[in-house]
> 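Handing you this structure, nothing more for now.
Quick note on labels: first sequence line is chain A, next is B, and so on, each numbered from 1.
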Amino acid sequence: MSLQLYDTWTRSQREFTPLKPGEVGLYTCGPTVYNYAHIGNLRTYLFEDGLVRVLKLNGYRVNHVMNITDVGHLVSDGDDGEDKMEAGSKRTGQTAWTIAALYTDAFRADLKALNIQEPDVWCKATDNIPEQISFIEEIEKKGYTYRTSDGIYFDTSKQASYGHLGRLDIAGLQAGSRVDLGEKKHSTDYALWKFSAPEDHRQMEWDSPWGRGFPGWHIECSAMAHKYLGEYFDIHCGGEDHITVHHPNEISQTEAAYGTRLANFWMHGYFLITNDAKMSKSSGEFLRVQLLIDKGYDPIAYRYLCLTGHYRTQLSFSWETLDAAQTGLDRLRNNVYSLGEATTVDAGFFERLMEKLNDDLNFPQALALAFEVLKSGLAPGVKKATILKFDEAFGLGLTSWVPKIEDVPGDVRALAEARWTARNAKDWAEADRLRGELTARGWSMKDGKEDYTMTST
RNA sequence: GGCGGGUUAGCAAAGAGGUUAUGCAGCGGAUUGCAAAUCCGUCUAGAGCGGUUCGAUUCCGCUACCCGCCUCCA
């Protein structure tokens, strides 16, 4: 079965064919590095990682570009309000540049913890200011811009196709707009370049043909995608929230400058939901990978949890669902580990796996298939090789996983030895008494045939 | 106000017009001195009303409720 992907542009699943044979250009919207990422943010990167893995299993070379937004986005609505980077700087007392570096590192650590493969190209907005300026000049040349007292704006009314990705009803948007237009001509118009307020000295600002200031929120993606992937490439990804604003704006910029809709496929990951509400950094507390670790979870359990839901459906998160995922993952790991030496991949199961994955990345069914493999009558070595092959898509790190060997303190070891001796002498009363002592010290002893294992609880 | 999505068993979550989803939890059994782990088996489903159909949880319509986006946001 050939690879089928859901394209938000056509609102349908269709066959994926790369523009250049054997090669896929992929752009994924990256983080704004003004704070830590929460696990909801990371769900989207997990989805994109799954996509990359499936593309590779289909034999494609993937050129994956991800941006780091380290400037320019605004805290509030309506093209005004405080810059996030500058706000983060005020909050922590460090420079905007330091903040960006700090949270970029934190983001990469999160990716690593979740076994997400890094993109081939990282690009920072602040490293590509000239590219953004010339992109705006190109748009200006084509006559899509106008100037207000605070910046250069894109006139969306000059583009008949504006908003197609989001199926935007422009008239409806105008009527229901919750934001003051200010000097904007239409509610969907957006800033390409913002002027620094003369009295407010910014840490991040640059000279431009229009005046000193900083780029608008959407231009960096158009400019950097153009720089690294060209005028038209294969797939552009992001979160579902980008369907109605950010991505239509990216498209409008590139369409104005180069006459293409930027990417052949537009794919969107759906939100992680907590307590029936969206996670949000701006609503105060949020869940970080580090919190999962602090609570004793393996971050990979979160990856496993995300595999159990389809990327185009919102996923519920609670500690209970994470518990279930952690247990499921632990059993899968132990089960696979105990199969011994991997031999050959079962072709039938692998073919079925690819059918699931190529059906718009159906990881839930792929995971269910893995359990079918384990229950099948295949030889242990074949089962193991097959599951490890599956894991190239899952990314659960099953190949390298080994049971944790716990560091057992000497006195606990002595108790365990004493109990083992008593047990072998069939002195059940003494054995049970010693088990009780071990339990009291937070250790559990599992009897095997030839040996025992210790785990702390 | 506009646009879009959803409602599946205790929890989470898939596919399929008729045949076991799956995982976690529960229950029964095997095994174990007792445990743990493991294995086998198994009960809880598809919001309500109507339509199409030999047959619908699956297609269509209506109602109710929930959610997302329209505002920085994954």
> Hey, can you tell me if A:His247 and A:His268 have their rings parallel, tilted or perpendicular (30° and 60° cut-offs)?
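Judged by the thresholds at 30° and 60°, the geometry between A:His247 and A:His268 is tilted.
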> From the options B:rG15, B:rC73, B:rA13, select the nucleotide whose nearest atom is closest to the side chain of A:Asp241.
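Closest nucleotide among those given: B:rC73.
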> With sequence neighbours left out, write down each residue that passes salt bridge (Lys or Arg N to Asp or Glu O under 4.0 Å) with A:Lys124, or none if nothing qualifies.
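Salt bridge (Lys or Arg N to Asp or Glu O under 4.0 Å) check on A:Lys124 returns nothing, list empty.
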> Going by salt bridge (Lys or Arg N to Asp or Glu O under 4.0 Å), name the residues that satisfy it together with A:Arg261, two or more places apart in sequence or in a different chain.
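For A:Arg261 there are no salt bridge (Lys or Arg N to Asp or Glu O under 4.0 Å) partners, ignoring immediate neighbours.
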> With heavy atoms under 4.0 Å as the rule, sort A:Thr313 into base, sugar-phosphate or nothing.
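Sugar-phosphate: the residue A:Thr313, judged by heavy atoms under 4.0 Å, touches backbone atoms but no base.
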> Touch check for A:Gly269, heavy atoms < 4.0 angstrom, all strands: base, sugar-phosphate only, or nothing?
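No contact at all - A:Gly269 keeps every heavy atom at 4.0 Å or more from the nucleic acid.
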> Atom CD of A:Glu320 to atom P of B:rC11: distance rounded to whole Å?
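Between P of B:rC11 and CD of A:Glu320: 11 Å.
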> Between B:rG68, B:rU22, B:rC70, spot the one nearest the side chain of A:Phe271, thanks.
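Selected nucleotide (nearest to the side chain): B:rG68.
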> Has A:Asn35 got a side-chain N or O lying under 4.0 Å from the OP1 or OP2 atom of B:rC72?
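So the side-chain polar atoms of A:Asn35 never come under 4.0 Å of the phosphate oxygens OP1 or OP2 of B:rC72.
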> Out of B:rA21, B:rC73, B:rC72, which nucleotide sits closest to the side chain of A:Ala368?
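Of the candidates, B:rA21 comes closest.
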> Restricting to non-hydrogen atoms, name the atom on A:Lys184 and the atom on A:Asp189 that form the minimum distance, rounded to 0.1 Å.
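For A:Lys184 and A:Asp189, the tightest heavy-atom pair comes out as NZ-O, 2.8 Å.
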> Would you say B:rA37 has OP1 or OP2 under 4.0 Å from some side-chain N or O of A:Thr453?
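The answer is no; no side-chain N or O of A:Thr453 sits under 4.0 Å from OP1 or OP2.
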> Expressed in angstrom and rounded to an integer, what is the separation of A:Arg333 atom CZ from B:rU38 atom C1'?
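These atoms are roughly 19 Å apart.
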> Scan for salt bridge (charged side-chain N to carboxylate O under 4.0 Å, His left out) pairs involving residues 319-342 of chain A, sequence neighbours excluded, and state none if there are none.
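Passing the test, one end in residues 319-342 of chain A: A:Asp298-A:Arg333.
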> Under the salt bridge (charged side-chain N to carboxylate O under 4.0 Å, His left out) rule, what pairs show up with a residue in residues 96-113 of chain A, not counting sequence neighbours?
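Listed by first then second residue: A:Arg108-A:Glu118.
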> State whether the side chain of A:Glu48 and the backbone N or O of A:Thr28 hold a donor-acceptor pair below 3.5 Å, judged by distance alone.
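Not confirmed, A:Glu48 side chain does not pair with A:Thr28 backbone.
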> Looking at the angle O4'-C1'-N9-C4 for a purine or O4'-C1'-N1-C2 for a pyrimidine, is B:rG68 syn or anti, with syn meaning within 90° of 0?
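In terms of base orientation relative to the sugar, B:rG68 is anti.
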> Using the ring-ring contact (aromatic ring centres under 6.0 Å, His included) criterion, which residues pair with A:Tyr304? Sequence neighbours excluded.
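Counting only residues at least two positions away or on another chain, A:Tyr304 forms no ring-ring contact (aromatic ring centres under 6.0 Å, His included).
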> Can you tell me how far P in B:rC43 sits from the matching atom in B:rU7, rounded to whole Å?
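Between the two P atoms, the distance is 24 Å.
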> With rounding to whole Å, what would you report as the distance between B:rG46 and B:rU57 at their P atoms?
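These two P atoms come out 8 Å apart once rounded.
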> In whole angstrom, give me the gap between the P atoms of B:rG68 and B:rA16.
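Those two atoms are separated by 27 Å.
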> Any stems for RNA chain B, made of 3 or more Watson-Crick or G-U pairs in a row, each with both distances under 3.5 Å?
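In RNA chain B, stems of three or more pairs: B:1-7 with B:64-70, B:10-12 with B:22-24, B:26-30 with B:38-42, B:47-51 with B:59-63.
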> What integer number of Å spans the C1' atoms of B:rA21 and B:rA13?
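Result for the C1' pair: 10 Å, nearest Å.
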> Tell me which of A:Val245 and A:Glu372 sits closer to the 5' end of RNA chain B, going by the nucleotide each one is nearest to.
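Looking at the nearest nucleotide for each, A:Glu372 comes out on the 5' side.
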> Given that A:Glu240 and A:Gly166 both sit by RNA chain B, which one's nearest nucleotide is further toward the 5' end?
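Its nearest nucleotide being more 5', the pick is A:Gly166.
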> Which nucleotide sits closest to the side chain of A:Leu315: B:rC11, B:rA37, B:rA13?
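Looking only at heavy atoms from C-beta outward on A:Leu315, the closest nucleotide is B:rA13.
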> Apply salt bridge (Lys or Arg N to Asp or Glu O under 4.0 Å) to A:Glu417 and list each qualifying residue two or more places apart in sequence or on a separate chain.
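Checked A:Glu417 against salt bridge (Lys or Arg N to Asp or Glu O under 4.0 Å); zero matches.
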> Between B:rU58 and B:rU8, how far is it from one C1' atom to the other, in whole Å?
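It works out to 11 Å between them.
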> In chain order, what residues pass the ring-ring contact (aromatic ring centres under 6.0 Å, His included) check against A:Tyr270, with sequence neighbours excluded?
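None.
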> Residues of residues 302-312 of chain A with any non-hydrogen atom less than 4.0 angstrom from an atom of RNA chain B: list those, numerically ordered, please.
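The stretch gives A:Tyr304, A:Thr308, A:Gly309, A:His310 as the residues lying under 4.0 Å from the strand, ordered by number.
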> Could you tell me how far apart A:His164 (NE2) and B:rC70 (P) are, to the nearest whole angstrom?
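Taking atom P of B:rC70 as the reference, NE2 of A:His164 is at 20 Å.
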> The side chain of A:Arg331 is closest to which nucleotide in this list: B:rA74, B:rU38, B:rC11?
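Out of B:rA74, B:rU38, B:rC11, the nucleotide with an atom closest to A:Arg331's side chain is B:rU38.
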> Quick check for you: among B:rC24, B:rG15, B:rA13, whose closest atom lies nearest to any side-chain atom of A:Ala324?
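Ranking B:rC24, B:rG15, B:rA13 by closest atom to the A:Ala324 side chain puts B:rC24 first.
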> Test of understanding: with side chain to side chain donor-acceptor pair (under 3.5 Å), list the residues that count as partners of A:Glu430, not counting sequence neighbours.
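Only A:Arg433 meet the side chain to side chain donor-acceptor pair (under 3.5 Å) criterion with A:Glu430.
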> Would you indicate which nucleotide in B:rA25, B:rA74, B:rA13 comes nearest to any side-chain atom of A:Ser316?
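Comparing B:rA25, B:rA74, B:rA13 against the side chain of A:Ser316, the answer is B:rA13.
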> Which residue pairs satisfy the ring-ring contact (aromatic ring centres under 6.0 Å, His included) criterion with at least one member in residues 434-457 of chain A, sequence neighbours excluded?
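Qualifying pairs: A:Trp420-A:Tyr452.
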> Relative to the ring of A:Phe47, is the ring of A:Tyr311 parallel (under 30°), tilted (30 to 60°) or perpendicular (over 60°)?
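The arrangement is parallel - the two ring planes meet at less than 30°.
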> Provide the distance between the two P atoms, one in B:rC62 and one in B:rU19, to the nearest whole Å.
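Going atom to atom, P in each nucleotide, I get 28 Å.
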> Please write out the pairs of protein N or O atoms and N or O atoms of nucleotides 28-33 of chain B separated by less than 3.5 Å, giving the distance to one decimal.
unit_1, atom_1, unit_2, atom_2, d
B:rG33, O6, A:Arg419, NH2, 2.9
B:rG33, N1, A:Asp432, OD1, 2.8
B:rG33, N2, A:Asp432, OD1, 3.1
B:rG33, N2, A:Asp432, OD2, 2.4

> Closer than 4.0 Å, any side-chain N/O of A:Lys375 to the OP1 or OP2 of B:rU38?
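For A:Lys375, the contact criterion (side-chain N or O under 4.0 Å from OP1 or OP2 of B:rU38) is not met.
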> Round to a whole Å and report the spacing from CG of A:Asp323 to C1' of B:rC24.
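From A:Asp323 CG to B:rC24 C1': 9 Å.
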> Check whether any side-chain nitrogen or oxygen of A:Thr321 sits under 4.0 Å from OP1 or OP2 of B:rA13, and answer yes or no.
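The answer is no; no side-chain N or O of A:Thr321 sits under 4.0 Å from OP1 or OP2.
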> More than 12 foreign heavy atoms under 6.0 Å from CG of A:Asn424: is that the case here?
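Yes.
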> Check every strand shown and say whether A:Gln314 touches a base, only sugar-phosphate, or nothing at a heavy-atom separation below 4.0 Å.
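Counting heavy atoms under 4.0 Å across all strands, the contact made by A:Gln314 is with sugar-phosphate only.
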